[in-house]
Amino acid sequence: MQVNFEELFLSKIDKEIKIEPKDWMPEKYRQTNIRQISQHAHSEIVGMLPEGAWITRAPSLKRKAILLAKVQDEGGHGLYLYSAAETLGISRDEMTDQLLTGKAKYSSIFNYPSLTWADMGAIGWLVDGAAILNQVMLCRTSYGPYARAMVRICKEESFHQRQGFEILLVLSQGTDEQKAMCQDAINRWWWPSLMMFGPTDSESTNSDQSIKWKIKRKSNDELRQQFVDMAVQQIKVLNMTLPDADLKWNDERKHYDFGAINWDEFWQVVKGNGPCNKERLDARKKAWNDGAWVREAAIAYAEKKKKSLPQPLQGGALKTA
Amino acid sequence: MLIKKYYYGDYGEIEGGVSSNKSETEFPLWEVFIRSKQGLDHKHVGSLHAADAAMAMENARDVYTRRMEGVSIWVVESKYIHASNPDEAESLYEPSMDKVYRHPTFYQLPDEVNHM
Ligand SMILES: [Fe+2]
Ligand SMILES: [Fe+2]
């Protein structure tokens with residue numbers, strides 16, 4: 001019996017038929033998806049913090065409105081993803097708990113501080129840019145609700161990257177001070193952005209099975225290379241440089257070679273020792289705790305309203321309870 | 001015909017779909033349906049948590065129609081959705097498989113009237 005279910009599952013994967021929530025799936029597939037989708041959701045939510053910090057300091061009303069819209073989008077992305085994870089049988093509260101207790105991770109990139117206005121540009125261009133490559137791939141992931149959430153998210157993401165690049169473009173054509181600010185932001189965000197794709201393929205423990213199950217469709221290194229190749233072209237428009245002396249076109253590979261990534265730093269940040277890990281978690285905990293009375297009041301209000309509503313009787317007549 | 005009741009339109013209690021770690025104050029889950037423009041059906045777009053219908057409606061507007069994706073919203077609490085069981089898909093849809101005469105292409109007509 002079990003064998004048949006497994007074969008059926010694998011043949012669907014093979015034929016590019018999406019797996020839907022009530023279909024039989026291996027427990028490991030369910031757990032892998034729960035882990036990946038919920039951590040993706042946490043990243044969207046925590047990702048609102050470095051940019052949210054600049055909403056009050058945006059240089060113009062236009063920039064403020066744009067940044068606000070972008071950060072609001074990220075909150076929506078978190079919701080789409082939490083909902084997708086919930087179809088696999090984990091509750092929203094449980095996911096929140098996993099985030100707040102540090103049991104679940106989120107993308108390490110958000111443990112870096114956003115120091116200047118130019119960081120809003122670099123985050124949009126590089127961080128959203130890296131996320132988009134991953135998310136475009138995930139539009140074809142094998143789990144239906146995850147793929148649908150990704151399609152929705154991708155539609156909204158390109159505005160994020162474009163507004164970021166535009167911020168940098170304006171700075172790159174500004175005063176010497178603005179140009180320096182632009183370059184400085186790129187220097188600080190470049191390497192952490194490369195780390196966003198995760199460990200190299202030889203070190204990545206979950207990758208193999210995820211590719212077989214078509215949860216992931218490309219390896220970490222493939223996506224990272226794609227990102228480097230694109231960024232090298234785009235930065236020319238900014239007349240800035242990427243902080244890597246080893247960046248060089250490799251005619252054999254038909255790709256750009258790039259320098260060694262500081263994996264030690266990556267693991268340090270993953271383990272909680274990044275510049276802002278504590279600050280980010282504290283901000284999430286505070287938001288959750290401060291909102292407790294609002295959640296309780298909303299439930300109480302809903303209960304009260306339910307009681308005061310006319311209740312339909314068996315025969316269809318109405319009666320006030 | 002066997003239609004099982006599920007806690008949520010997409011996952012079922014039989015698989016342990018209802019998580020135990022749910023607090024008393026977790027808002028119920030709602031499904032959101034949106035009419036993208038006048039004249040089209042409402043289509044399922046996603047879900048959200050809300051304390052009541054009014055909040056579900058407001059949240060749906062905020063997250064699912066930020067870019068004029070819709071002109072009308074339906075919200076329904078997920079627990080009221082009954083879903084068919086995928087394990088019975090075969091017996092449920094098989095009877096329509098062998099009725100090819102339900103399709104217009106089944107009928108061979110002379111060229112003169114074949115646009116019919
Ligand atoms: Fe996002
Ligand atoms: Fe984004």
Side-chain angles (χ1 to χ4, degrees), chain A residues 4-5 8 12 19-25 27 30 34 69-70 72-73 75-98 143-145 148-149 151-153 155-156 159 291-306 309, chain B residues 3-32 34 43-69 77-78 81-90:
Chain A
N4 282 341
F5 278 133
L8 185 66
K12 280 189 202 160
I19 306 302
E20 294 296 341
K22 292 200 300 172
D23 295 348
W24 186 92
M25 61 186 86
E27 197 45 35
R30 178 186 300 276
I34 287 180
K70 195 229 180 220
Q72 192 191 17
D73 273 357
H77 297 174
L79 171 81
Y80 307 153
L81 287 159
Y82 281 130
S83 302
E86 280 175 87
T87 65
L88 290 160
I90 185 167
S91 74
R92 179 77 69 88
D93 277 359
E94 198 171 344
M95 286 186 275
T96 305
D97 189 65
Q98 288 178 347
Y143 186 56
R148 290 192 285 276
V151 170
R152 192 168 283 284
I153 286 173
K155 274 189 201 148
E156 302 184 350
F159 135 61
W293 72 269
V294 181
R295 293 191 296 276
E296 280 158 29
I299 289 282
Y301 179 68
E303 288 298 325
K304 188 178 138 194
K305 252 191 347 188
K306 226 185 270 172
L309 272 182
Chain B
I3 302 282
K4 279 193 195 133
K5 184 172 188 291
Y6 286 100
Y7 165 77
Y8 167 72
D10 278 337
Y11 64 84
E13 45 213 349
I14 45 160
E15 296 135 358
V18 184
S19 179
S20 50
N21 254 332
K22 187 171 165 304
S23 78
E24 287 289 299
T25 53
E26 187 177 291
F27 294 161
L29 192 63
W30 299 72
E31 299 305 312
V32 182
I34 294 201
K43 195 176 155 228
H44 184 242
V45 293
S47 23
L48 50 79
H49 288 270
D52 57 24
M55 188 194 277
M57 193 61 86
E58 275 168 26
N59 290 355
R61 186 206 55 202
D62 286 349
V63 283
Y64 291 109
T65 65
R66 284 201 302 281
R67 290 178 175 79
M68 292 174 294
E69 289 95 335
E77 221 181 307
S78 310
I81 293 195
H82 298 249
S84 61
N85 185 342
D87 299 344
E88 289 148 18
E90 226 164 289

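Convention: sequence-line order gives letters A, B, ...; per-chain numbering from 1.
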With rounding to the nearest 0.5 angstrom, report the CG to CZ distance, A/Asp23 to A/Arg30. 10.0 Å
Give, as side chain, backbone, both or neither, the part of A/Tyr82 having an atom under 4.5 angstrom from any heavy atom of chain B. neither
Report the residues that fulfil side chain to side chain donor-acceptor pair (under 3.5 Å) with A/Asp73, sequence neighbours left out, ordered by chain and then residue number. A/His160, B/Arg66, B/Arg67
Taking 4.0 angstrom as the limit, do B/Glu69 and B/Lys43 come out as a salt bridge? no
Taking only residues two or more places apart in sequence or in another chain, which ones pass side chain to side chain donor-acceptor pair (under 3.5 Å) with A/Arg92? A/Glu86
Toward chain B, the part of A/Glu303 with a non-hydrogen atom under 4.5 Å: neither
So which part of A/Lys155 gets closer than 4.5 Å to some heavy atom of chain B, the side chain, the backbone, both or neither? neither
